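First comes the structure, then the notes that go with it.
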Amino acid sequence: MKNIGIVGATGSIGVQATEIIHKYPDAFNVKFLSCHNNINELLSQISILKPEYAVVTGEKAVSGGVTDTKILYGMNALTTLISEISGELDLVLSSAVGFAGIMPTYTALKNGVNVALANKESIVAAGKTMIQTAEKTNTSIMPVDSEHSAIYQCLKGHGNNFIDKVVLTASGGPFRYRPSDSMDYVDIGETLKHPNWNMGNKITVDSATMMNKGLELIEAHYLFDISPDKLDVFIHPQSIFHSIVSFIDGSNLAQIGLPDMKAPISYALGFPDRLNWGAERLTPQILNGLTFFKPDKKKYPCFAIALDVLKEGKNSLMITMNAANEVAVDTFLRGLIKFTDIHRVIGNTLELFESRDISSIDEIISLDNVVREKAKKISQNIGR
Ligand code: NDP
Ligand code: MG
């Protein structure tokens, strides 16, 4: 029996995780669930999974109807809860969206609780600190991101000194076949129609700009200690190959499967067991006609920015890029800037900040705050 807590239980990843957990009442005991504002979904999960605690980190309040679950409010309450009950927790699924996931992720690791990590933004901003904290407390970070779950599975039993190259695959998002000179005219509706995956809005926009793949390269760099020159990206529209690891002896391992996030989520939750959660089976014919091609950096300027930031290697720039991206995506989703302004906001913001390494979580959070203010002003000016 694993005692588990879910941060961001009401999101796309969180809901799929709760569906898997519900199928395995003997394998999981839910200690807590958190949501930001989606009280209705939280209440429905409480009635099914009966957690000891539920935390609302946003503004809304639960009114009545809950008896055995203790309801808490605010991000501080969530991190305090994680540290207070850390001795009773086996796993925290970190599946809030954005930089907001940093404190629950860090608190779990610091208190010796293993983390199943969907929240890639916390590793992008604080990769070294997270890894060092996990090493100190002897805890593991199990990736939920499909590419990183694939790499993790391919690397089992192999030291990363034997790696020649790691290829992360990318769907290319909804605009993969669209000519680059027409990108100025894409709208919010088209951007949110991802061809392969059904995900939250922020990551769906990140997939369309391919910033998502940039964040994932940084995530892979930290999680697996792989140098940037050994990381590569191919667009693979069918999303069957989730990543490929090439070894120095010319052998290649890939993890393949139909595109369904329940596969990597169930792997991270069940590890070292595999859960029969009802996956559609892959038949070999599906491999006929699969395609792979290199992304065009001109068409995906956000991806090009992330490559530069990764090469530079300092996390002040990673924090800056991530925060500016969150602001730009939010401003785009509110209809205030164009799709092609997203990279302008990020590029213009990056110009204002210096390149250095920051390890203290407090300093990382304060830089994130400063960057957001600058990026908001830049977005407003661009949107005028
Ligand atoms: P969603 O937007 O669907 O869900 C986000 C979750 O975070 C919700 O539970 C939401 O609560 C909560 N949340 C939102 N804002 C805050 C905040 N400020 N503080 C605390 N909690 C907050 O996101 P996804 O599930 O799509 O993505 C979650 C993470 O997983 C992201 O980092 C994403 O990059 C990563 N990921 C997602 C994949 C996917 O298939 N969706 C694939 C790979 C990685 P509420 O519902 O109440 O608003
Ligand atoms: Mg991914």
Side-chain angles (χ1 to χ4, degrees), residues 5-19 32-45 54-62 72-79 82 93-105 107 115-125 142-152 168-173 192 194 196-207 210-220 223 233 236 239 241-243 255 259-265 267-268 322 325-326 329-330 333 365 368 372:
I6 306 182
V7 178
T10 49
S12 157
I13 294 287
V15 166
Q16 294 179 80
T18 59
E19 286 167 3
F32 75 82
L33 300 169
S34 91
C35 81
H36 200 55
N37 280 319
N38 190 345
I39 305 285
N40 286 344
E41 175 60 29
L42 183 74
L43 286 175
S44 123
Q45 294 182 358
V55 189
V56 181
T57 50
E59 304 293 312
K60 295 194 179 151
V62 176
L72 306 168
Y73 293 95
M75 184 50 88
N76 280 343
L78 175 59
T79 52
I82 294 173
L93 170 61
S94 172
S95 55
V97 61
F99 186 83
I102 196 162
M103 276 316 285
T105 309
T107 307
V115 168
L117 183 86
N119 179 254
K120 63 190 83 180
E121 294 90 346
S122 56
I123 285 287
V124 167
M142 182 64 72
V144 169
D145 220 342
S146 59
E147 298 76 3
H148 305 75
S149 175
I151 297 167
Y152 184 93
L168 278 78
T169 51
S171 69
L192 290 180
H194 196 282
N196 302 10
W197 307 93
N198 188 6
M199 312 182 284
N201 283 353
K202 191 257 177 184
I203 186 175
T204 305
V205 177
D206 285 349
S207 295
M210 277 194 74
M211 175 53 88
N212 183 49
K213 214 46 55 178
L215 299 175
E216 289 185 356
L217 285 174
I218 299 173
E219 185 185 7
L223 286 183
V233 169
H236 166 45
S239 296
F241 278 64
H242 303 310
S243 276
Q255 189 267 340
D260 190 327
M261 280 309 294
K262 277 193 177 166
I265 295 170
Y267 184 80
N322 180 66
N325 180 54
E326 287 188 30
V329 168
D330 181 62
L333 285 172
I365 292 173
D368 172 85
R372 270 167 213 272

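Keep in mind that what you see is a predicted model, and the values were worked out from it rather than measured. Along the sequence shown, residues are numbered consecutively beginning with 1. Just so you know, ligand 1 is whichever comes first in the structure, and atom 1 is the first atom listed for that ligand.
- At the shortest separation from atom 33 (C) of ligand 1 among protein heavy atoms lies I203 CD1, 3.9 Å.
- The shortest contact between atom 11 (O) of ligand 1 and any protein heavy atom is with H36 N, 3.0 Å.
- For the side chain to side chain contact (heavy atoms under 4.5 Å, CB included) with L117, the qualifying choice from E219, H148, M142 is E219, the only one to do so.
- Sorting the N, O or S atoms of E216 by how far they are from the Mg ion (ligand 2) puts OE2 first.
- Every N/O-N/O distance between M261 and ligand 1 stays at or above 3.5 Å.
- The NZ atom of K213 lies 3.5 Å from the CD atom of E147; values are rounded to the nearest 0.5 Å.
- The parts of T10 lying near ligand 1 are both backbone and side chain, judged by heavy-atom distances below 4.0 Å.
- Closest to the Mg ion (ligand 2) among the N, O or S atoms of D145 is OD1.
- At a heavy-atom distance under 4.0 Å, only side-chain atoms of A100, from C-beta outward, approach ligand 1.
- For T107 and T79, the side-chain atoms include no donor-acceptor pair closer than 3.5 Å.
- Residue N37 holds its CG atom at 5.0 Å from NZ of K60, rounded to the nearest 0.5 Å.
- The aromatic rings of H236 and F241 lie perpendicular to each other, with more than 60° between the two planes, well past the 30° mark.
- In this structure, atom 3 (O) of ligand 1 lies nearest to the protein heavy atom S12 N, 2.8 Å.
- Of all the N, O or S atoms in E147, the one closest to the Mg ion (ligand 2) is OE1.
- A donor-acceptor contact under 3.5 angstrom links the side chains of S239 and N196, judged on distance only.
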